[in-house]
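If you're wondering where the values come from, they're calculated on a predicted model, not measured in any experiment. Worth knowing before you read on, the calculation uses all heavy atoms, side chains too, and leaves out hydrogens, waters and symmetry mates.
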Amino acid sequence: MNRHIRSVAIGLGVALAGAQLLQPRLSSYRGNGSTGSNDLLRDRAVDPRIRSILKRACADCHSNQANLPWYGRVSPISWFIARHIERGREKLNFSEWPKHSEDERQDIADSVEKNEMPIWSYLFVHRGARLTPEDRKVIERWVDSR
């Protein structure tokens with residue numbers, strides 16, 4: 001029995017070590033580096049409270065400026081994170097914010113109101129991304145102001 005457990009442990013160790021060779025492209029995390037005139041998180045016309053909330057709770061998955069924790073570079077966790085980032089950017093990317101963005105802002109408000117965003121798996125390890133009732137009100141006012 002002991003020999004069997006040791007063989008399984010060694011096999012798992014070799015598999016995890018081998019998995020480190022299969023890392024997602026760094027562009028999955030950093031995007032194409034686009035932070036031009038359509039970058040909402042750098043737009044000085046946007047209320048600083050909104051920029052702060054979006055950077056803290058949303059930007060890792062919804063911008064080209066993801067900040068990865070150390071474990072975000074360890075497979076297979078890195079695969080999971082890269083997939084979340086790709087999906088998040090497909091849905092909404094603050095670094096490529098459209099000029100007329102009423103629909104996007106409303107989608108943000110709806111997701112926040114329904115507690116769909118930030119997703120629970122992100123909040124599990126990023127407790128600072130939790131939205132307070134005041135954060136939710138600020139987002140609601142931002143959406144209603146346009």
Side-chain angles (χ1 to χ4, degrees), residues 5 8-146:
I5 291 173
V8 169
I10 290 172
L12 282 173
V14 168
L16 284 174
Q20 302 317 303
L21 300 173
L22 301 171
Q23 292 289 325
R25 295 171 301 148
L26 283 180
S27 63
S28 295
Y29 300 126
R30 294 195 188 113
N32 59 14
S34 171
T35 57
S37 62
N38 291 347
D39 190 334
L40 181 72
L41 301 176
R42 295 180 188 257
D43 186 344
R44 296 292 175 203
V46 174
D47 181 332
R49 293 175 300 170
I50 288 294
R51 278 200 321 266
S52 175
I53 292 167
L54 297 180
K55 282 181 181 179
R56 175 175 49 85
C58 312
D60 282 344
C61 293
H62 293 287
S63 80
N64 293 343
Q65 307 304 317
N67 292 313
L68 291 179
W70 66 268
Y71 54 83
R73 300 194 190 285
V74 177
S75 295
I77 297 168
S78 61
W79 306 336
F80 179 72
I81 291 173
R83 186 170 181 210
H84 268 171
I85 291 171
E86 288 171 11
R87 285 182 170 176
R89 287 182 187 156
E90 284 174 8
K91 179 74 174 154
L92 174 71
N93 189 338
F94 296 128
S95 299
E96 299 169 10
W97 191 252
K99 291 292 184 194
H100 302 286
S101 57
E102 289 78 15
D103 290 343
E104 287 79 6
R105 283 195 309 270
Q106 188 60 55
D107 286 347
I108 292 169
D110 292 345
S111 295
V112 166
E113 182 180 332
K114 296 175 185 172
N115 287 322
E116 295 173 345
M117 288 287 145
I119 60 174
W120 72 268
S121 59
Y122 184 76
L123 292 174
F124 183 73
V125 292
H126 297 93
R127 297 193 189 276
R130 292 188 193 284
L131 296 176
T132 66
E134 180 59 28
D135 293 338
R136 293 173 191 282
K137 288 178 187 173
V138 168
I139 291 170
E140 184 180 318
R141 285 191 297 265
W142 175 58
V143 170
D144 291 343
S145 71
R146 303 288 171 148

Donor-acceptor pair, side chain of [X] and main chain of [Y], under 3.5 angstrom:
| X | Y | answer |
| --- | --- | --- |
| His62 | Gly88 | yes |
| Arg89 | Cys61 | no |
| Arg51 | Leu40 | no |
| Ser111 | Asp107 | yes |
| Asn64 | Ser95 | no |

To the closest 0.5 Å, what do you measure between [atom1] ([X]) and [atom2] ([Y])?
| X | Y | atom1 | atom2 | result |
| --- | --- | --- | --- | --- |
| Ser63 | Asp39 | OG | CG | 7.0 Å |
| Asn67 | Gln65 | CG | CD | 8.0 Å |
| Leu54 | Ile139 | CG | CD1 | 6.0 Å |
| Ile53 | Lys55 | CD1 | NZ | 12.5 Å |
| Asn115 | Trp120 | CG | CH2 | 15.0 Å |
| Leu92 | Ile108 | CG | CD1 | 5.0 Å |

With a 4.5 Å cut-off on side-chain heavy atoms, are [Y] and [X] touching?
| X | Y | result |
| --- | --- | --- |
| Ile119 | Met117 | yes |
| Arg105 | Trp97 | yes |
| Arg87 | Arg83 | yes |

Identify the heavy atoms of [X] and [Y] that sit nearest to each other, and give their distance.
| X | Y | value |
| --- | --- | --- |
| Asp60 | Ala66 | O-CB, 3.2 Å |
| Ala57 | Pro118 | O-CG, 3.7 Å |
| Trp142 | Ser145 | O-OG, 2.8 Å |

For Arg130, does the CZ atom have more than 12 heavy-atom neighbours from other residues, nucleotides or ligands under 6.0 Å away?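 Yes, enclosed.
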
Could you walk me through whether Asp135 and Arg56 satisfy the salt bridge (charged side-chain N to carboxylate O under 4.0 Å, His left out) test, starting with their C-alpha distance in whole Å, then the side-chain angles of each, then the deciding distance to 0.1 Å, before giving a yes or no? CA-CA 11 Å; Asp135 293 338; Arg56 175 175 49 85; 2.6 Å; yes

Sequence neighbours excluded, which residues qualify as salt bridge (Lys or Arg N to Asp or Glu O under 4.0 Å) partners of Glu134?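 Applying salt bridge (Lys or Arg N to Asp or Glu O under 4.0 Å) to Glu134 gives Arg141.
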
Of Leu41, Val143, Val138, which is the lone residue that meets side chain to side chain contact (heavy atoms under 4.5 Å, CB included) with Ile50?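 That would be Val138; it is the only one of Leu41, Val143, Val138 passing the side chain to side chain contact (heavy atoms under 4.5 Å, CB included) with Ile50.
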
Parallel, tilted or perpendicular: which describes the rings of His126 and Tyr122, with under 30° parallel and over 60° perpendicular?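 Ring orientation of His126 relative to Tyr122: parallel.
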
